[in-house]
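Some notes on the structure that comes next.
These numbers come from the heavy atoms of this one structure, side chains and all, not from hydrogens, waters or symmetry mates.
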Amino acid sequence: MDIATIIGIVAAFGLMLMAILQGGGVGMFIDVASILIVFGGTAGVALINFPLGDVISAIGVAKKTILIKEANTNELIAQLMEFANKARKEGILSLQGSIDTVEDQFLVKALQMAVDGQEPDDLKAMLNTEIDYIQERHSGGAEIFTSLGTISPAMGMVGTLIGLVQMLQNMSDPSSIGPAMAVALLTTFYGAVLANILFNPMAGKLKTRSKTELLQKTVIVEGMESILSGENPRVMEQKLHAYIAPKMRESVFQ
């Protein structure tokens with residue numbers, strides 16, 4: 001679970017709610033017409049812009065901003081070093097017994113390919129192809145939330161225009177000016193909240209997670225290539241450490 005995301009959401013909405021309560025009450029910030037325009041309009045435009053399956057899958061993608069267990073890159077490198085030492089001592093086929101202990105399905109596939117006798121270049125090419133398609137899927141998920149972050153303020157502006165038109169057409173009736181102005185302002189408010197507190201930050205978090213995951217998968221590819229090539233473990237570790245910042249590196253030889 002990502003504590004940073006939870007803290008960010010609680011802090012953003014909590015401070016906003018505190019400001020609302022100090023100025024009156026929550027009730028004045030609730031307007032059914034504005035909710036329908038912004039929330040319903042955003043969902044409708046999303047269905048126009050993306051296939052239904054992609055919109056539905058976005059719910060599952062959203063969970064990755066909170067409910068995800070990130071692998072530690074140093075721990076991954078240490079695990080690969082363990083496999084390298086085992087392969088040098090007992091042969092590549094000895095890694096078959098280690099497959100059941102691995103949780104990362106990408107690493108499981110890489111180990112199985114190595115045990116099945118894939119050449120280093122072929123293994124690297126096949127795994128890099130899979131990485132390319134993983135990156136494409138990740139980009140598609142982040143793109144949906146980036147689009148929602150653009151659509152929701154636009155729908156807020158649409159609601160504002162509707163409210164202003166209603167207000168201007170009924171200037172002779174003072175009792176209608178208030179509700180029309182509420183629609184005009186609250187739709188802008190709802191759109192800004194959805195875009196800047198939810199959708200755009202979620203898209204940014206997904207892009208960050210994607211970079212981390214793709215880096216770790218690249219480390220796996222390079223590590224497995226080194227294992228199949230029979231590379232010296234120290235040289236292999238130095239090669240894999242190139243993917244992480246110097247201050248974050250932890251050597252298994254110390």
Can you see which heavy atom on Leu148 is nearest to which on Pro153, and at what distance? O-CD, 4.4 Å
Any non-hydrogen side-chain atom of Lys217 less than 4.5 Å from a side-chain atom of Ile134? yes
Taking only residues two or more places apart in sequence or in another chain, which ones pass side chain to side chain contact (heavy atoms under 4.5 Å, CB included) with Met126? Met113, Gln118
Filter on salt bridge (Lys or Arg N to Asp or Glu O under 4.0 Å), then keep only pairs touching residues 219-228, sequence neighbours left out; what's left? Lys124-Glu222, Lys124-Glu225
Met157-Ile162 co-clustered via ILVMFWY side chain contacts under 4.5 Å: no
Listed pairs under 3.5 Å, donor-acceptor, residues 37-61 side chains, sequence neighbours left out:
unit_1	atom_1	unit_2	atom_2	d
Thr42	OG1	Val38	O	2.5
Ser57	OG	Gly53	O	3.2
Ser57	OG	Asp54	O	2.8

Could you check whether Ser210 and Gln135, counting side-chain N and O atoms only, form a donor-acceptor pair closer than 3.5 Å? no
Tell me, do Leu95 and Gln112 make a side-chain contact under 4.5 Å, heavy atoms counted? no
Quick one, Thr73 and Tyr243 - any side-chain contact, counting heavy atoms below 4.5 Å? no
Under the side chain to side chain contact (heavy atoms under 4.5 Å, CB included) criterion, do Leu93 and Gln96 qualify, and how do the steps go? CA-CA 6 Å; Leu93 292 178; Gln96 179 69 58; 5.9 Å; no
Between atom CD1 of Ile6 and atom CD1 of Ile3, what is the distance when rounded to the nearest 0.5 Å? 5.0 Å
What is the distance from atom CD1 of Ile227 to atom NZ of Lys86, rounded to the nearest 0.5 Å? 11.5 Å
Who else is in the cluster with Val32 when I, L, V, M, F, W and Y are joined by side-chain contacts under 4.5 Å? Leu36
For the CG atom of Leu185 and the CE atom of Met181, what is their distance to the nearest 0.5 Å? 5.5 Å
Can you give me every donor-acceptor pair (side chain of residues 190-201, partner residue at least two apart or in another chain, under 3.5 Å) with its distance?
unit_1	atom_1	unit_2	atom_2	d
Tyr190	OH	Phe29	O	2.5
Tyr190	OH	Asp31	N	3.2
Asn196	ND2	Ala192	O	3.0
Asn200	ND2	Ala195	O	3.2

Residues Glu213, Arg209: salt bridge by 4.0 Å N-O rule: no
Once you round to the nearest 0.5 Å, how far does CD of Glu237 lie from CE of Met81? 5.0 Å
For Gly159 against Thr187, the heavy-atom pair lying closest together: C-OG1, 3.2 Å
Is the shortest side-chain N to carboxylate O distance from Glu231 to Lys239 below 4.0 Å? yes
Are Phe189 and Leu21 joined in one hydrophobic group, where the rule is that I, L, V, M, F, W and Y side chains link up if heavy atoms are under 4.5 Å apart? yes
So CE of Met224 and CG of Leu123: to nearest 0.5 Å the spacing works out to 6.0 Å
With side chains defined as the heavy atoms from C-beta onward, is the minimum distance between Asn74 and His241 less than 4.5 Å? yes
State yes or no: do Val26 and Val10 share one hydrophobic cluster built from I, L, V, M, F, W and Y residues joined by side-chain heavy-atom distances below 4.5 Å, directly or via other members? yes
Holding to side chain to side chain contact (heavy atoms under 4.5 Å, CB included), I want the full list of residues that pass it with Leu76, two or more places apart in sequence or in another chain. Gln79, Leu80, Leu107, Gln216, Val219, Ile220
Is Met155 reachable from Leu161 through a run of I, L, V, M, F, W or Y residues, each pair having side-chain heavy atoms under 4.5 Å apart? no
Ile99 side chain reached by Val102 side chain, heavy atoms, under 4.5 Å: no
A side-chain contact here means heavy atoms from C-beta on lying under 4.5 Å apart; do Lys207 and His138 qualify? no
Measure the CG-CD1 distance between Leu186 and Ile30 for me, rounded to the nearest 0.5 Å. 9.5 Å
Kindly give the heavy-atom pair with the smallest separation between Ala84 and Met236, and that separation in Å. CB-SD, 3.6 Å
What are the two closest non-hydrogen atoms of Ala110 and Leu127, and how far apart are they? CB-CD1, 3.7 Å
Work out which heavy atom in Leu228 is nearest to a heavy atom in Pro120; give both atom names and the distance. CB-CG, 3.7 Å
Closest heavy-atom pair, Ser98 versus Thr101, reported as atoms and distance to 0.1 Å, is O-OG1, 2.6 Å
